[in-house]
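Data first, discussion second: the structure below is written as structure tokens.
Residue numbers run from 1 in the order of the sequence given. Counting starts at 1 for both ligands and their atoms, following the listed order.
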Amino acid sequence: MRVGILGGGQLGRMIALAGYPLGLRFRCLEPSREAPMGHLSALVLGHYDDPVALDRFAEGLDVITYEFENVPVQSARRLARHTPVYPPPDALEIAQDRLAEKRCFQELGIDTAPFARVDSRDDLEAAIDDVGLPAILKTRRFGYDGKGQAVIRDAGDVVAAWNALGGNHLVLEGFVAFRRELSVLAARGRPGEVVCYPLVQNEHRGGILRLSRAPAPDLAPGEQAEAERIVHAVLDRLEYVGLLAIELFELVGLDGRIRLLANEMAPRVHNSGHWTIEGARTSQFENHLRAVVGWPLGPTTPHGCSAMVNLIGRAPAEAAVLAIPGAYLHLYGKAPRPGRKVGHITVCAPDHAQLEALLARVRPLVADRDDPSAGPSLTA
Ligand code: AMP
């Protein structure tokens, strides 16, 4: 079977690496000749909105998917006229717009931060009255890794936030005093069956994911079930096929009860699921492929505990990482650049204590390799 992937970054590369053992073949559409996918699959060089490139890309493919969610929805719909495209373009459209996404959560009874639409300076004043401060002003579209966001702590920050982002379609979100950030990843197959991975705990710095631990330690009773309820509801509502990630804020109420708020969804494989390559019985990449191709989904049971450390900016020496037993190195074939995800390291161990011991050996290798403006490296 021939699978087309819109986007040629590291996510597409890891999808292809999961698919080759299953006999799948890949072609990607990608505007850059240097893309990580270029090293291992046929690549059609072209822009996502170029009809000639789209037609050349789609020729003879059995199914098309994305590794990049900012593909124009019209392009996805055009391709879907002749070839199945999963996740469905309607899901892509909702996930591309933070406002539509939050409304979708709301309709399904899933809690979010308070939010309000902002298209003008007057809207912003009204939104602040509505949502309260502190708050975060975000662009509705094309934000990633914390880009397109401005924190408004008090009235003195409003002008700067508006100067930075005004003119875009925006959403104001109340600032959530979360205890930690979690993500839930699940796949839904073509017939509608769903498999869900254990909750992942994520640490961000400078808006970029640095470290994921899975399964998330110290979950409250019922917390995994609540996350599964959330992701299942969204998957079914969107008639989704493929892997979906939802980023969650974990809150502790005054009564000590844990609450999960949905922050955003990614209609694709997700950075917080890279640990599943070595750490789960079926990786997120393989389950995504199984779903879009129409095959049965694989078990998501974890092998003990895993942690994934992103390599940001540049990678450490391969030999230094590989000298740590239980550490797995993934390099994406990208040139070093501050703030860029160039690879990741996964460590796996039978329990959390041994995992932390391994992480302590990985940390010195990744410290100071990052963009110096992003502050200190991994927190303990
Ligand atoms: P996002 O692009 O929405 O995933 O935001 C990037 C990061 O900013 C998140 O992972 C959080 O660490 C932080 N963040 C985003 N929205 C909020 C919020 N409403 N309250 C507190 N922190 C937030």
Ile208 pairs by side chain to side chain contact (heavy atoms under 4.5 Å, CB included) with which of His204, Arg210, Arg205? Arg210
Picking from Pro215, Pro198, Cys348, what satisfies side chain to side chain contact (heavy atoms under 4.5 Å, CB included) with Trp275? Pro198
Does an N or O from Phe178, backbone or side chain, lie closer than 3.5 Å to an N or O of ligand 1? no
At a 4.0 Å threshold, what atoms of ligand 1 neighbour a non-hydrogen atom of Val176? 18 (C), 19 (N), 20 (N), 21 (C)
Quick one: which of Lys138, His204, Glu181 has a heavy atom closest to atom 12 (O) of ligand 1? Glu181
Which of the ligand 1 atoms, numbered from 1, are nearer than 4.0 Å to a heavy atom of Glu247: 4 (O)
Non-hydrogen side-chain atoms of Val347 and Leu359 separated by less than 4.5 Å: yes
Any non-hydrogen atom of Gly174 lying under 4.0 Å from ligand 1? yes
Classify the contact between Asn263 and ligand 1 as side chain, backbone, both or neither, using a heavy-atom distance cut-off of under 4.0 Å. side chain
Salt bridge check, Lys102 against Glu264: does any charged N sit closer than 4.0 Å to a carboxylate O? no
Could you go through residues 32-47 and list every donor-acceptor pair under 3.5 Å that involves a side-chain atom there, pairing it with any protein atom two or more places apart or in another chain?
unit_1, atom_1, unit_2, atom_2, d
Ser32, OG, Glu34, N, 3.1

Out of Ile136, Leu172, Val171, the nearest non-hydrogen contact to atom 23 (C) of ligand 1 is supplied by Ile136
Under a 3.5 Å cutoff, is there a donor and acceptor pairing between the side chains of Tyr86 and His288? no
